[in-house]
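Data block below; observations after.
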Amino acid sequence: MTELLRDTDPKEIAEALVWQTRAIDPSAGVDPVLLATPSRNQWWDVWDQFKAHKGALAGAAVFFLIVFGVVLAPFVWRVSPTYIDFTTLNAGSSWVHPLGTDQLGRDLLARVMTGGRISIAVGLTAMVISIFLGTFIGVVAGYFKSLDGPLMRLTDLFLSLPVLPLLLITVMLFRDAVANILGVEMGNFILIVSAIGLTSWMQTARIVRGEVLAVKRREFVLASRSIGAPPRRIIHRHVLPNVMSPIIVSSTLQIADAVISESLLSFLGLGFPPDFPTWGRLLFDGIEYIQDYPQLVLWPGIAISLTVLSVAYIGDGLRDALDPRLRR
């Protein structure tokens with residue numbers, strides 16, 4: 001080695017030392033390109049798994065097509081949903097009215113798109129209320145042992161209540177009072193989404209509580225607690241990110257449940273007023289003419305079924321994609 005240092009150029013010596021270092025490197029034999037490649041974002045794995053679920057992909061396409069259709073309805077189809085034409089009562093499909101008209105000559109396509117905008121808005125808003133309450137109660141009950149018993153008994157109490165009669169009584173008792181304060185349309189909207197959201201958070205709370213009970217015993221949570229991290233920080237930084245999978249899946253299912261609940265209330269005549277069309281209200285208005293003019297209930301029924309079915313498939317795909325144990 002001494003002779004090498006005397007007779008060899010310093011540049012060659014440096015290259016020889018580098019070569020020797022690589023030879024004894026424990027990572028020798030591994031492609032340097034692989035070592036330099038950054039780790040892949042886990043959301044790409046979720047997307048790949050979601051794409052593998054053909055039903056979920058088709059459901060997402062149908063749902064977003066419905067959402068874009070009802071949102072862009074005023075710009076695409078300029079026929080007013082409230083315009084009455086007595087010369088075209090209960091008309092069939094035509095170029096002027098692709099879905100026909102109702103018993104007052106109003107365009108069904110315009111009314112279905114307008115009703116979809118209201119029904120989906122009700123579903124999304126009620127879902128936000130339900131998921132917020134369910135997540136909050138589930139996290140608090142799962143993390144704080146002293147509050148677990150009272151909160152779970154409260155959850156059991158709400159689960160034991162008949163949801164449909166409770167919704168009907170709530171709407172009947174408070175509809176006029178809320179309408180006098182906020183107006184008929186906005187009052188009914190707030191009352192219905194609040195009633196649906198406040199009666200549909202229990203399943204989410206139970207699911208989230210179970211996940212929190214498992215996560216809070218993990219090593220990283222115990223380590224954070226051992227160094228004196230406050231519960232609020234542990235929940236925000238460690239617990240909530242690890243229970244987002246069931247929350248996201250539950251939110252998709254809550255949208256479908258809220259759309260069905262609103263349609264049921266409107267179908268029973270306790271939802272929105274007649275000049276404020278929703279899919280359920282269209283079913284209620286057309287039920288008297290179902291034998292002679294089935295298209296009055298056919299199109300809103302198809303819209304409700306497609307929305308609920310597509311959201312259910314999206315939830316099924318998200319459940320498989322977000323659960324590492326189910327990834328292929």
### Query
So, does Ser251 use its side chain to make a donor-acceptor pair with the main chain of Ile248 at under 3.5 Å?
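Yes; judged by distance alone, with no hydrogens or angles, the pair exists.
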### Query
Is there a donor-acceptor contact under 3.5 Å from the side chain of Thr101 to the main chain of Ala91?
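Yes; judged by distance alone, with no hydrogens or angles, the pair exists.
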### Message
Is there a path of hydrophobic side-chain contacts, each under 4.5 Å between heavy atoms of I/L/V/M/F/W/Y residues, joining Met152 to Ile207?
### Response
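Unlinked, Ile207 and Met152 end up in two clusters.
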#### Entry: Phe220 atom CZ, neighbour heavy-atom count above 12 within 6.0 Å
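Yes, CZ of Phe220 has more than 12 neighbouring heavy atoms, counting only those of other groups under 6.0 Å.
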Would you mind reporting whether [Y] and [X] have side-chain heavy atoms less than 4.5 Å apart?
X      : Y      : value
Val122 : Phe189 : yes
Leu282 : Val297 : no
Trp77  : Met113 : yes

[X] and [Y]: which non-hydrogen atoms are nearest, and at how many Å?
X      : Y      : result
Val193 : Ala126 : O-CB, 3.9 Å
Arg218 : Ala214 : CG-O, 3.7 Å
Trp279 : Val112 : NE1-O, 2.9 Å
Arg217 : Leu213 : NH1-O, 2.6 Å
Leu253 : Val311 : N-CG1, 4.5 Å
Ala303 : Thr307 : O-OG1, 2.8 Å

### Message
When you compare the side chains of Gln203 and Ser250, does any donor N or O come within less than 3.5 Å of an acceptor on the partner?
### Response
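The criterion, which ignores hydrogens and geometry beyond distance, is not satisfied for Ser250 and Gln203.
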### Query
Can you tell me how far the CG atom of Leu191 sits from the CZ atom of Arg175, to the nearest 0.5 Å?
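Atom-to-atom, Leu191:CG and Arg175:CZ are 9.0 Å apart.
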### Task
Measure the CG-CH2 distance between Leu99 and Trp299 for me, rounded to the nearest 0.5 Å.
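Nearest 0.5 Å value for the CG-CH2 distance: 5.5 Å.
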Atom pairs and distances, donor-acceptor, side-chain atoms in residues 134-147, under 3.5 Å, two or more places apart:
unit_1: Thr135; atom_1: OG1; unit_2: Ile131; atom_2: O; d: 2.7

Under 4.5 Å side-chain heavy-atom separation, chaining through any Ile, Leu, Val, Met, Phe, Trp or Tyr, what else clusters with [X]? Say none if it is isolated.
X      : answer
Leu89  : Ile84, Phe86, Leu104
Tyr313 : Leu309
Ile227 : none

### Query
Between Arg281 and Asp285, is there a salt bridge with N-O shorter than 4.0 Å?
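Result for this pair is yes, salt bridge flagged.
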### Query
Got a sec, which residues hit ring pair (Phe, Tyr, Trp, His ring centres under 6.0 Å) with Trp201, two or more places apart in sequence or on another chain?
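Trp201 satisfies ring pair (Phe, Tyr, Trp, His ring centres under 6.0 Å) with Phe158 once adjacent residues are dropped.
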#### Entry: salt bridge (charged side-chain N to carboxylate O under 4.0 Å, His left out) partner of Asp148, the single match among Arg206, Arg153, Arg209
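With Asp148 as partner, salt bridge (charged side-chain N to carboxylate O under 4.0 Å, His left out) holds for just one option, Arg209.
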Under 3.5 Å, which donor-acceptor pairs do the side chains of residues 234-241 form with other protein atoms, sequence neighbours left out?
unit_1: His238; atom_1: NE2; unit_2: Ser224; atom_2: OG; d: 3.1

